[in-house]
Amino acid sequence: MIINSNIPVYGEIKKGPCSDENTVCQTIVNQNRKKNPDVMMLHIKNEGSRTKAQMDFVNSMGFIKGASDYLLVGNPVGFMEVKRDNYSHKLTKDQELFLLNAKAKGAFVGVAIGWQGGMDFIEAWKNAQITVSNNK
């Protein structure tokens with residue numbers, strides 16, 4: 001897999017058949033809900049083809065090309081791009097740029113290979129959290 005060395009990768013590429021990316025994402029979400037019910041994690045719908053009118057609409061709503069699959073709410077915020085565990089291609093230029101820009105702004109970023117890579121990313125992100133007191 002070709003990924004910029006400034007973007008951490010979690011998990012390992014395996015040979016042979018694997019689950020599709022949707023199944024990998026569903027497994028990450030289900031396992032995370034069991035293991036980390038307090039983790040706020042949301043999926044960013046950023047795939048699929050759209051008409052020009054649909055693109056105009058989503059752009060007006062804040063669409064960012066290349067945004068990662070998941071956003072994890074915390075300090076730092078986490079952005080996780082998910083790939084199947086037999087994935088052998090590089091990130092798109094937009095995905096790479098998004099992750100590098102987010103990292104430069106202080107976000108915790110990475111690419112998760114397979115569902116186990118997703119769980120490894122979440123664990124690393126949790127370990128990087130900074131406790132902030134709410135001063136009222």
Side-chain angles (χ1 to χ4, degrees):
M1 176 180 289
I2 302 168
I3 293 182
N4 185 307
S5 62
N6 292 314
I7 301 172
V9 176
Y10 299 85
E12 296 178 14
I13 296 174
K14 300 174 184 166
K15 293 186 178 196
C18 70
S19 301
D20 63 30
E21 190 172 314
N22 288 335
T23 302
V24 171
C25 287
Q26 289 171 326
T27 303
I28 292 169
V29 169
N30 289 334
Q31 290 298 314
N32 182 60
R33 285 178 179 162
K34 288 178 191 173
K35 187 174 180 186
N36 306 302
D38 58 325
V39 169
M40 293 174 62
M41 176 175 148
L42 59 111
H43 179 260
I44 299 172
K45 183 161 176 31
N46 199 12
E47 58 272 323
S49 49
R50 297 176 174 95
T51 66
K52 178 168 178 0
Q54 289 170 325
M55 279 308 301
D56 289 345
F57 176 75
V58 295
N59 282 331
S60 73
M61 298 295 288
F63 176 82
I64 299 175
K65 200 169 183 182
S68 297
D69 292 309
Y70 286 96
L71 178 146
L72 287 82
V73 179
N75 186 15
V77 66
F79 288 107
M80 176 174 60
E81 182 62 37
V82 177
K83 299 295 180 192
R84 300 179 312 170
D85 55 12
N86 75 348
Y87 184 79
S88 58
H89 300 91
K90 63 181 183 173
L91 295 174
T92 67
K93 195 69 182 160
D94 292 325
Q95 290 170 329
E96 183 178 307
L97 231 100
F98 179 88
L99 289 170
L100 291 172
N101 286 338
K103 183 177 181 181
K105 292 177 179 6
F108 188 93
V109 303
V111 176
I113 308 299
W115 74 267
Q116 187 59 56
M119 296 308 295
D120 293 346
F121 173 91
I122 293 167
E123 197 59 36
W125 170 80
K126 283 175 44 182
N127 290 334
Q129 293 302 290
I130 301 166
T131 305
V132 177
S133 65
N134 291 329
N135 296 328
K136 294 183 179 183

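Keep in mind that the numbers below use all heavy atoms, side chains included, and drop hydrogens, waters and symmetry copies.
Counting only heavy atoms from C-beta outward, the side chains of Lys65 and Asp94 approach each other to under 4.5 Å. The side-chain heavy atoms of Leu100 and Asn4, taken from C-beta on, include a pair separated by under 4.5 Å. Met41 places a side-chain heavy atom less than 4.5 Å from the side chain of Ile28. Under the 4.5 Å side-chain criterion, counting only non-hydrogen atoms from C-beta, Val24 is not in contact with Asp85. Contact check for Gln26 versus His43: no side-chain heavy atoms found under the 4.5 Å cut-off. Side-chain contact between Val111 and Leu91 is present, with at least one heavy-atom pair separated by less than 4.5 Å. Between Glu21 and Asp69, the closest side-chain pair of non-hydrogen atoms falls below 4.5 Å.
Note: the hydrophobic cluster containing Met40 also contains Val77 (ILVMFWY, side chain heavy atoms under 4.5 Å, direct or indirect links). Hydrophobic clustering places Met119 together with Phe108 (ILVMFWY residues linked when any side-chain heavy atoms are closer than 4.5 Å, directly or through intermediates).
Minimum interatomic distance between Met80 and Leu72 (heavy atoms only, all atoms of both residues): CB-CD1, 4.4 Å. In terms of heavy atoms, Ile7 sits closest to Gly110 at CG2-CA, 4.3 Å. Taking each heavy atom of Tyr70 and Cys25 in turn, the nearest pair found is OH-CB, 3.2 Å. Taking every heavy atom of both residues into account, Pro76 and Gly106 meet most closely at CB-O, 3.3 Å.
Considering only residues two or more places apart in sequence or on other chains, Ser5 meets the side-chain contact (heavy atoms from CB on, under 4.5 Å) condition with none of them. In this view, Glu12 satisfies the side-chain contact (heavy atoms from CB on, under 4.5 Å) rule with no residue, not counting sequence neighbours. By the side chain to side chain donor-acceptor pair (under 3.5 Å) test, Thr23 is found to be paired with Asp20, residues two or more places apart in sequence or in another chain being considered. Partners of Lys15 according to the salt bridge (charged side-chain N to carboxylate O under 4.0 Å, His left out) rule, which considers only residues two or more places apart in sequence or in another chain, do not exist here. Applying the salt bridge (charged side-chain N to carboxylate O under 4.0 Å, His left out) test to Glu123 and every residue at least two apart in sequence or in another chain returns Lys35, Lys126.
Asn22 CG to Thr27 OG1: the interatomic distance, rounded to the nearest 0.5 Å, is 10.5 Å. Of the inter-residue distances, the one linking Ile122 atom CD1 with Asn127 atom CG reads 12.0 Å to the nearest 0.5 angstrom.
For residues 9-35, the set of pairs meeting the ring-ring contact (aromatic ring centres under 6.0 Å, His included) definition, not counting sequence neighbours, comprises Tyr10-Phe121. Residues in residues 96-109 take part in these salt bridge (charged side-chain N to carboxylate O under 4.0 Å, His left out) pairs, two or more places apart or across chains: Lys93-Glu96.
Looking only at atom types and distance, the side chain of Gln116 has a donor-acceptor partner in the side chain of Asp120 under 3.5 Å away.
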For side-chain contact (heavy atoms from CB on, under 4.5 Å), just list the numbers for Glu81 and Ser68, CA-CA rounded to whole Å, side-chain angles, deciding distance to a tenth of an Å, and then say yes or no. CA-CA 5 Å; Glu81 182 62 37; Ser68 297; 4.0 Å; yes
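A centroid separation of less than 6.0 Å is found between the aromatic rings of Phe79 and Phe98.
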